[in-house]
2 protein chains.
Amino acid sequence: MSGFKQDINDQFARLGKALSNGRRLELLEYLAQSERSVEQLARVSGLSVANTSQHLQQMRQAGLVSARREGKHILYSLAGEDVVQLLGVLRTVAERRLAEVREMVAKVLTARDSLEPVQAAELLERSRLGLVSVLDVRPPEEFEAGHLPGALNLTLAELERHLDRLPPDREVIAYCRGPYCVLSFEAVARLRAHGFQARRLEQGYPEWKLAGLPTQTGDAPRD
Amino acid sequence: MSGFKQDINDQFARLGKALSNGRRLELLEYLAQSERSVEQLARVSGLSVANTSQHLQQMRQAGLVSARREGKHILYSLAGEDVVQLLGVLRTVAERRLAEVREMVAKVLTARDSLEPVQAAELLERSRLGLVSVLDVRPPEEFEAGHLPGALNLTLAELERHLDRLPPDREVIAYCRGPYCVLSFEAVARLRAHGFQARRLEQGYPEWKLAGLPTQTGDAPRD
DNA sequence: GAGGCTTTCAAGCGATCAATTGAACGAGCA
DNA sequence: TGCTCGTTCAATTGATCGCTTGAAAGCCTC
C-alpha cells in the first residue's frame, strides 16, 4: 500500500527515461511528421538501423510510439497526439529554464532571422486574405502525409531552382518540423537573400495539427 | 550548424533525464506543495540526506528547481509553475499510454473509491453554495504554505479524533498533493466508514493553484 | 573566532545505458 | 520450399547512474 507512491512514480519515470536521450527526441520529432519505417528513420537521423530499432523499442515500451506492419516494413508512429503535447511542454520548459537553450536559440535567431516569427492565428488570417504564400520546407514524404492548406512544398535543395513558383510581391511564411527545426530558418535566410519578404511560422506542422487547425494531405506537383 | 539539431535535442534530453527517476519525481511532488529544506525532503521521502541533495542538484542543473538560503537551511522550490504543468502532462500521457499505470490506479480506485472524483469546477460551485466541506489531508506545513479557501486541515492520524469538526450532514471533499496522492483516497475511505458522504477532488493542490483558482495561505487552528 | 548545524563533495560499488558488430529471426515472394 | 531483405536479438565496450559512506565545506550562533 505504501509502495504505491514509489511504484507509480517509477512508472512515470519510465516516460522520463524514454525522453532522456537526444537521439530519441529527434526520432520523436520525425515521427510527429508521419509514420516511418525503421530504415527511413535510421537514414534521416543518421543512426545505424540496429541502434534506431533499439531506441524505437525503448519508446514503444514506454508507450510513446506504436508500430504496425505493412508489407515487409514495420511502420512506427506516435502513440497519440498527447505525445506531441508532451514534447511541446518539455521544450517550453527547457527554453524557459535552461540558459543554454535560450543561448542556442538566440544564436540561430540573430544569425538568420531577426524578425519575430509568425503565430498560427496571424498566418491563418493573412493566408485567408491572400496576403502570404505558405512554404513547407520538409521532405516530400512528410509533406504528403499532411501539410498546411495551400502550402507549396520545396526542400532547401529545390528552393533556389524554383523561386519562380513564389509570387514575388507576397510575403512568404516558411515552416517545417517544429519550433526548433532549422530548415525554415535556412529557408527564410535564402529567400531574403533573393529579395523576398520572408518569415518563419513559429510552430511546425505537428503543433499546427495538434491545435486542431486545418490541414491537407496528398502530394503536390513535382518535377 | 548541422549540429544544432543534435545539440538542442541533447538539451531537451537533460530535462527528460531529470524526470527519469521515480525518486526525483516524488521530490518534485513535494516541492510542488511548498518549498522545503534538504533535510525535510529527505525525511518525507525516506531518502538519505546525501542522496536527496544529489537528486536536488541534478534537478537544479536541469532547471526544474531552484534554491535559496534561509538561515542555516537551504530551501528548494520548483523553478516555476510550468514545471507543475510538465508533471501534469507527463502523468496524463503515462496514464493514457501505460497499461501498468491504469491498472495500478484502477486497483487503488476500486479498492477504496468507487465513485467518480469531483472536478475543480464542481467543487467551486458546490462550495460556494455551502453544500460541501473541503478537507485538506496534507501535513500542516504544506497546508500553511497554501490551501483551498475554507479548507479544514486534518492529517490521517488526526482525522478520526476530530470527526466532530465536520458537519455530519454535508458531503466532504478531500484532496491532497496530487491526482495520484493516496492520502485523499484513504481519507475518503475512513470518512465513509464513519458514515460520512465523501469524495475525492480529482486534482491536488498544485494543479488547483496552476489553474489559477483561489487559494489561501496561513495556518489553521490546531491543538 | 569556536562549535554546531545543514549541506555538499568525493570515492566506490553494482547496475544500467548507448552504441557497435555480427548473427538470427520472420514475413513476403519467387 | 528456399531466398531476400527489413528488423530484431545478443554479446560487448566504455560511460553514466543511483546509492552508500565518510569527510569537507559553509554559514549561523554563541
Side-chain angles (χ1 to χ4, degrees), chain A residues 3 5-7 9-28 30-31 34-62 64-77 141, chain B residues 3 5-7 9-28 30-31 34-62 64-77 141:
Chain A
K5 190 164 55 183
Q6 266 90 37
D7 292 345
N9 277 317
D10 285 342
Q11 292 299 323
F12 297 149
R14 287 172 60 192
L15 269 190
K17 202 165 287 186
L19 301 173
S20 71
N21 178 281
R23 252 26 72 217
R24 281 199 287 275
L25 294 178
E26 194 181 329
L27 291 173
L28 285 178
Y30 295 132
L31 291 174
S34 62
E35 62 176 3
R36 307 295 274 266
S37 71
V38 179
E39 193 193 21
Q40 284 180 307
L41 288 166
R43 190 168 50 246
V44 73
S45 67
L47 299 174
S48 75
V49 171
N51 195 7
T52 305
S53 171
Q54 288 179 145
H55 280 308
L56 289 169
Q57 285 175 73
Q58 224 167 316
M59 291 194 285
R60 186 160 64 160
Q61 286 191 335
L64 292 180
V65 308
S66 53
R68 69 182 183 90
R69 173 173 285 274
E70 177 159 310
K72 49 173 61 176
H73 293 266
I74 293 191
L75 299 182
Y76 279 86
S77 56
E141 313 95 87
Chain B
K5 190 165 54 185
Q6 265 91 37
D7 292 345
N9 277 317
D10 285 342
Q11 292 299 321
F12 296 150
R14 287 172 59 192
L15 269 190
K17 201 164 289 187
L19 300 173
S20 72
N21 179 280
R23 255 23 72 217
R24 281 198 287 276
L25 294 178
E26 193 181 329
L27 291 173
L28 285 178
Y30 295 131
L31 290 174
S34 61
E35 62 177 1
R36 308 294 276 263
S37 70
V38 178
E39 192 193 22
Q40 284 179 307
L41 288 166
R43 190 168 50 245
V44 73
S45 67
L47 299 174
S48 74
V49 171
N51 195 7
T52 304
S53 172
Q54 288 181 138
H55 280 310
L56 289 169
Q57 284 176 74
Q58 226 167 316
M59 292 194 285
R60 186 159 66 160
Q61 287 191 333
L64 292 179
V65 308
S66 54
R68 69 180 183 91
R69 173 173 286 276
E70 177 159 310
K72 49 173 58 178
H73 293 267
I74 292 191
L75 300 182
Y76 280 85
S77 56
E141 313 94 87

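Here is how names work: the chains are called A, B, and so on, in the same order as the sequence lines, proteins then strands, and each is numbered from 1.
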- prompt: Between the side chain of A:R24 and the main-chain N/O of A:E26, is any donor-acceptor distance below 3.5 Å?
  reply: no
- request: State, with a plain yes or no, whether a side-chain heavy atom of B:Q54 is found less than 4.5 Å away from one of B:N51.
  value: yes
task: Indicate yes or no: at least one non-hydrogen side-chain atom of B:N21 is less than 4.5 angstrom from one of A:K17.
output: no
query: Should A:H73 be listed as having a side-chain N or O under 4.0 Å from OP1 or OP2 of D:dT7?
result: yes
When you compare the protein's N or O atoms with those of nucleotides 16-18 of chain D, which come within less than 3.5 Å of each other, and at what distance?
residue : atom : partner : partner atom : Å
D:dG18  : OP1  : B:N21   : ND2          : 3.4
D:dG18  : OP1  : B:R24   : NH1          : 3.4
D:dG18  : OP1  : B:R24   : NH2          : 2.9
D:dG18  : OP2  : B:R24   : NH1          : 3.3
D:dG18  : OP2  : B:Q58   : NE2          : 3.2

task: Answer with base, sugar-phosphate or nothing: what part of the nucleic acid does A:Q57 contact at a heavy-atom distance below 4.0 Å?
output: sugar-phosphate
field: Phosphate-side-chain proximity, A:Y76 and D:dT8, N/O vs OP1/OP2 below 4.0 Å
entry: yes
message: For A:Y76, run the side-chain contact (heavy atoms from CB on, under 4.5 Å) check against A:Q57, A:E35, A:Q40 and tell me which one passes.
response: A:Q57
- prompt: Is there a side-chain contact between A:L25 and A:L28 (heavy atoms, below 4.5 Å)?
  reply: yes
task: Measure from CD on A:E39 to C1' on D:dT8 and round the result to the nearest Å.
output: 14 Å
- prompt: Between B:R14 and B:Q11, does any side-chain donor sit less than 3.5 Å from a side-chain acceptor?
  reply: yes
query: Rounded to the nearest Å, what distance is computed from the CD atom of residue B:Q6 to the P atom of nucleotide C:dA18?
result: 16 Å
- prompt: How close or far is atom C1' of C:dT20 from atom CZ of A:R23, stated in whole angstroms?
  reply: 16 Å
N/O (side chain, B:S53) to phosphate O (OP1/OP2, C:dT8) under 4.0 Å: yes
task: Let me know, please, whether A:A50 or A:K72 comes out on the 5' side of the other along DNA chain D by nearest nucleotide.
output: A:K72
message: Please check: side-chain N/O of B:R36 versus main-chain N/O of B:V38, any donor-acceptor pairing under 3.5 Å?
response: no
- prompt: How close or far is atom C1' of D:dG6 from atom CD of A:Q40, stated in whole angstroms?
  reply: 12 Å
query: Atom CD of B:Q61 and atom P of C:dT8: how far apart are they, to the nearest Å?
result: 12 Å
task: May I have the distance from B:Q54 (atom CD) to D:dC19 (atom P), rounded to whole angstrom?
output: 9 Å
statement: Of the candidates D:dC27, D:dT7, C:dT7, the side chain of B:R69 sits closest to D:dC27
- prompt: Would one find a side-chain N or O of B:S48 under 4.0 angstrom from OP1 or OP2 of D:dC19?
  reply: no
- prompt: A:L56 CG to D:dT8 C1': how many Å, rounded?
  reply: 11 Å
message: In this structure, how many angstroms lie between the C1' atom of C:dT7 and the CG atom of B:L47, rounded?
response: 15 Å
